[in-house]
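Bear in mind that the values here come from a model prediction, so they are computed numbers and not experimental data. Every number for a ligand or one of its atoms is a count from 1 in the order of the listing.
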Amino acid sequence: MWLENFIRRSIADVEPYKPGKSIEELKRELGLTRVVRLCSNENPWPLPDSVLSAIDEASKMLNRYPDAEAYSLRKAIARKLGVSVQEVIVGAGTEGVTFALFQALLEEDDEIVISKPTYPLYKLAASACGANCVEVPVDHDMRISVTDIMEACTEKTKLLVLCDPNNPTGLFLPRNDMLVLSSFLNRRNILLVVDEAYAEFVTDPEYLSGIELFHEIGNVVILRTFSKIFGLAGLRVGYGIVPKPITNAYAKVRRVFDVNSIAQAAAIAALKEDNYVEKIRELTLLEKEKVTRALVNMGMEVRETVTNFILIKVNDEQKMFNELLKEGIIVRPASDLGLQGYLRVSIGLPEENEQFISTLRKLMRRLGDRV
Ligand SMILES: Cc1ncc(COP(=O)(O)O)c(C=O)c1O
């Protein structure tokens, strides 16, 4: 079939991204009326009124194109983080930013270095540019070794993409490791890209957020999203804090109207909601503690994370995932993200977490050691 040879060689062996199942899809498939979705690390709590009003207001102007520059949003982000507007780029989620950013930076046969396991999108975005991805396995404790990462960098390495905290392990690189790594990369002319999708959940002072790094060394790209703690996953808004020359390159390849007008308005309103963010962090961490305690009391092994998800050790994650689906609960086999033997479970509303725990308890009784 000649059409098969049309496909770009660099993506030939790449697996497409496997998203979590949607509530509607599961209801349709199994005829269920109630479904609990704990598979995509979303914020399950209602949005603040100010964000909902901003969405209402913006919907009155839907006949007009969005502001292509997303100037007000970029300005609001810049002010919040103490950088200039020219150091802020935006896109349709971290996903949108990542694809366009890589397109602006990577040539055929360049290399990017990532950890294994990590969020699968970096590999996909690199492959789409014809670049190669070098994967560095985490150690037996799921920690990223800075020494291993440094050893994996070659003449061809252009980017080191660090997910910090990492999805799916839920761990972050300690402050000193981050400093050692960033100065090594700077000396080698390798750009550090840090995806901080879960940064707002972290309370540990050992966590060196990339914003601080950005101020310290400059040659670093920080990716953040409105999809997690801000609760705007459905609107698709993400941003990057980048050195100015990268903003100029990004402007040439980004989708001009990538961030729609409702998303821009909602994100601006969300940025003003410090109390809401604080409240979501507290509620999430409290619920995480409750869920973890209940699971440990059931005899399960739970991995600590600094994020809004946990990892539960199981013998057969695919089987457990399927059994939970039949009961209307969507979680994520961590093997979808390259980590075998665990379920990745997002922290939901209290009633959702309780339903998950009671269902799991029921399944464990029924299936015993087989899961
Ligand atoms: C590490 C990481 N980065 C980015 C994203 C997605 O962000 P966005 O919705 O902004 O594309 C996720 C979502 O699960 C994630 O886990």
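With respect to E282 and K279, no salt bridge is recorded, no charged nitrogen being found less than 4.0 Å from a carboxylate O. At a threshold of 4.0 Å, the pair D336-R332 counts as salt-bridged, since one of the basic side-chain nitrogens sits closer than that to a carboxylate oxygen.
Set against the non-hydrogen atoms of R236, the atoms of ligand 1 under 4.0 Å away are 8 (P), 9 (O), 11 (O). Listed by number with element, the atoms of ligand 1 under 4.0 angstrom from any heavy atom of N167 are 1 (C), 15 (C), 16 (O). Near K228, the atoms of ligand 1 lying under 4.0 angstrom from a non-hydrogen atom of the residue are 12 (C), 13 (C), 14 (O). In the vicinity of E95, heavy-atom distances shorter than 4.0 Å reach the ligand 1 atoms 11 (O). The C163 neighbourhood of ligand 1 comprises atoms 1 (C), with distances under 4.0 Å to a heavy atom of that residue.
When the options T118, T94, D195 are ranked by their closest heavy atom to atom 3 (N) of ligand 1, first place goes to D195. Between Y119, F226, Y198, it is Y198 that holds the heavy atom closest to atom 16 (O) of ligand 1.
Ligand 1 lies nowhere less than 4.0 angstrom from a heavy atom belonging to A233. The closest approach between G93 and ligand 1 falls below 4.0 Å for a heavy atom of the residue.
Atom NZ of K75 has 12 or fewer neighbouring heavy atoms from other residues, nucleotides or ligands inside a 6.0 Å radius.
Outside the 6.0 Å centre-distance limit, the rings of Y122 and F102 are not counted as a close aromatic pair.
Considering CD1 of I211 and NZ of K80, their distance stands at 11.5 Å, rounded to 0.5 Å. Rounded to the nearest 0.5 Å, atoms CD (E87) and CZ (R74) are 10.5 Å apart.
Aromatic ring pairs are classed by plane angle as parallel below 30°, tilted from 30° to 60° and perpendicular above 60°; the pair Y239 and F226 is tilted.
From the protein, the heavy atom lying nearest to atom 9 (O) of ligand 1 is S227 OG, 2.6 Å.
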